[in-house]
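Numbering starts at 1 and runs along the sequence shown. The analysis underlying the following values was restricted to heavy atoms, covering all of them including side chains, and did not include hydrogens, waters or symmetry mates. Keep in mind that what you see is a predicted model, and the values were worked out from it rather than measured.
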Amino acid sequence: MKKRVLVIGILCALLSMFKFNVAVFAETNISEVVKESIEVNGNMGDLPMDLLKDVEVAPYEENKDRIFTNEKDFAAEINLEENKINFSDVEGNEITVLVDDPDLKFENNEDGTIIFTNAEEDYSVENQILDGGFRQIFSIDSKEAPKEFKIDIEMKEDYSLVEEEGMFYIKDSNGNNIYNIGKAWAVDSLGNFVETKYEVKNHSLYQTVNYSGDNYPVKADPLFCSDTIDNTSTKWDKNYNSGKGTFSVYTRTCTKAYITAHWVLGPSSLTVLSQASIMSDMWSEVTADADFKKYISSSKVGRIKDQFICHAANPLTIYKSSWNLEPWRPDKTLAGTYINTCNPE
């Protein structure tokens, strides 16, 4: 993978996505705007967060044949006998995902990571419930192990699994995104990213990993995200900064992993389209929040949007527990906001 300056690409993509005046932005010396960029040489260690080790599972309970999570905005369970994940959100949008392999057998529960193993074919599947979604991690343990995996998706009749410009979604009959499927990625035991892709065949999602090296296991990660913002936790704090106040937005774990997975591949038109979808969902949830409507006046929405986009594009801010947005900060455009690490002065 060629070296890519990811933050520059993401920032420009987000500018285009939200229809900011890119020509005006281009007048600014971009090397001055992006003071700290991430250069990815194709290794997990170049990212601000390890997508395998640093993604926390959601709180869960366990009984003899499943683990389950019941939150205000979503419910999920992992079946311990069938390698099956069921997820539904507060609006009743429900899907079930399973790997089409009857020889996968439950091995153990490692702190909420449910591992199924096919010992004969030398691979395993790790299932995790996340805040706002879920994922499967395929572990390819040797050269002899399969490199293609079929992911069956059970869903309502009016839902469909679709591909748009290389990105994958589950949509309802009106074309609304119900689930955003994260960009396909895979990594070897040294942390080096390797070539992988998704395909849709007969209503199933296939992931193929193209790898000819010797650094096993190779891990690959299908990710499904539903809800993007935790509106229950998102709130206005009137006491922040001597009473100036802050609007604290809590982004779901699944969403943070989704965005980070796109950094792996660097800037591309596909990344723009993908992030346009999930970022649009996020912004819609933010602006629909009761505290946003109450405390953010219409004249301040533009600068709040700049701060919001900055938090998503900036590797120093995306993994904060909350994204603090302040309407009292000066309006310095997205470029100026980025210079000040999302806190324009």
Side-chain angles (χ1 to χ4, degrees), residues 5-38 48 228-231 233-238 240-241 243-252 255-256 258-260 262-263 267 271-345:
V5 182
L6 297 178
V7 172
I8 294 175
I10 293 171
L11 185 57
C12 291
L14 292 168
L15 280 164
S16 174
M17 174 181 67
F18 282 102
K19 305 184 186 305
F20 283 91
N21 190 329
V22 179
V24 172
F25 179 76
E27 293 177 3
T28 304
N29 186 337
I30 199 164
S31 64
E32 294 178 359
V33 173
V34 184
K35 289 184 175 180
E36 293 195 31
S37 62
I38 298 178
T228 58
I229 301 293
D230 182 354
N231 292 107
S233 299
T234 294
K235 60 185 181 299
W236 176 262
D237 180 0
K238 65 180 181 180
Y240 181 82
N241 198 353
K244 290 184 177 181
T246 186
F247 183 58
S248 298
V249 176
Y250 286 80
T251 307
R252 300 286 187 186
T255 303
K256 292 176 180 179
Y258 181 100
I259 294 173
T260 304
H262 290 73
W263 294 4
T271 302
V272 174
L273 290 170
S274 171
Q275 290 193 343
S277 170
I278 199 165
M279 289 294 292
S280 178
D281 290 347
M282 293 171 72
W283 182 243
S284 293
E285 286 204 52
V286 168
T287 56
D289 187 88
D291 275 6
F292 183 94
K293 294 177 179 179
K294 183 176 181 179
Y295 294 104
I296 309 300
S297 66
S298 59
S299 63
K300 308 293 186 183
V301 169
R303 68 191 66 183
I304 288 295
K305 180 183 279 189
D306 287 349
Q307 293 175 40
F308 176 77
I309 296 172
C310 180
H311 277 79
N314 192 324
L316 302 178
T317 57
I318 186 174
Y319 299 107
K320 288 184 176 181
S321 59
S322 66
W323 297 357
N324 293 334
L325 314 177
E326 288 96 29
W328 46 267
R329 290 189 179 277
D331 186 359
K332 291 195 172 180
T333 73
L334 182 56
T337 301
Y338 196 90
I339 287 175
N340 290 277
T341 59
C342 309
N343 295 313
E345 300 289 349

Could you pull out all residues at least two apart from Tyr295 that satisfy side chain to side chain contact (heavy atoms under 4.5 Å, CB included)? Trp236, Asp291
Here the pair of heavy atoms bringing Gln307 nearest to Pro344 is CG-CD, 4.4 Å
Any donor and acceptor pair, going by atom type alone, linking the side chain of Asn340 with main-chain N or O of Gly336 inside 3.5 Å? yes
My understanding is that only residues two or more places apart in sequence, or in another chain, count here; which of them pass salt bridge (charged side-chain N to carboxylate O under 4.0 Å, His left out) with Glu326? Arg329
One should read off an interatomic distance between Leu325 CG and Cys310 SG, to the nearest 0.5 angstrom, of 10.0 Å
Partners meeting side chain to side chain contact (heavy atoms under 4.5 Å, CB included) with Ser297 (sequence neighbours left out): Ser299, Lys300
Taking atom OG1 of Thr251 and atom OH of Tyr258, what is their separation to the nearest 0.5 Å? 14.5 Å
Check for a donor-acceptor pair, side chain of Thr234 on one end and backbone N or O of Val249 on the other, with a separation under 3.5 Å. no
Is a side-chain N or O of Asp230 found less than 3.5 angstrom from the main chain of Ser233, in a donor-acceptor match? yes
With Phe308, which of Phe292, Trp323, Phe247 fulfils ring pair (Phe, Tyr, Trp, His ring centres under 6.0 Å)? Trp323
Nearest heavy atoms of Glu285 and Asn231, plus distance in Å: OE1-OD1, 2.7 Å
For a quick test of reading the model, state the closest non-hydrogen atom pair linking Pro327 to Arg303 and the distance between them. O-CD, 3.3 Å
Apply side chain to side chain donor-acceptor pair (under 3.5 Å) to the pair Asp237 and Thr246, showing each step before the final yes or no. CA-CA 5 Å; Asp237 180 0; Thr246 186; over 6 Å; no
Evaluate side-chain contact (heavy atoms from CB on, under 4.5 Å) for Asp331 paired with Asp306, printing each intermediate quantity in order. CA-CA 9 Å; Asp331 186 359; Asp306 287 349; 4.0 Å; yes
From Lys332 NZ over to Asn343 CG, what is the distance, rounded to the nearest 0.5 angstrom? 11.5 Å
On a heavy-atom basis, which atom in Ser322 and which in Tyr250 lie closest, and how many Å separate them? CB-CZ, 3.5 Å
With rounding to the nearest 0.5 angstrom, report the NZ to CD1 distance, Lys256 to Ile259. 9.5 Å
Indicate the atoms forming the closest heavy-atom contact of Thr228 with Thr255, along with that distance. CA-OG1, 3.2 Å
Distance from Cys342 atom SG to His311 atom NE2, nearest 0.5 Å? 5.0 Å
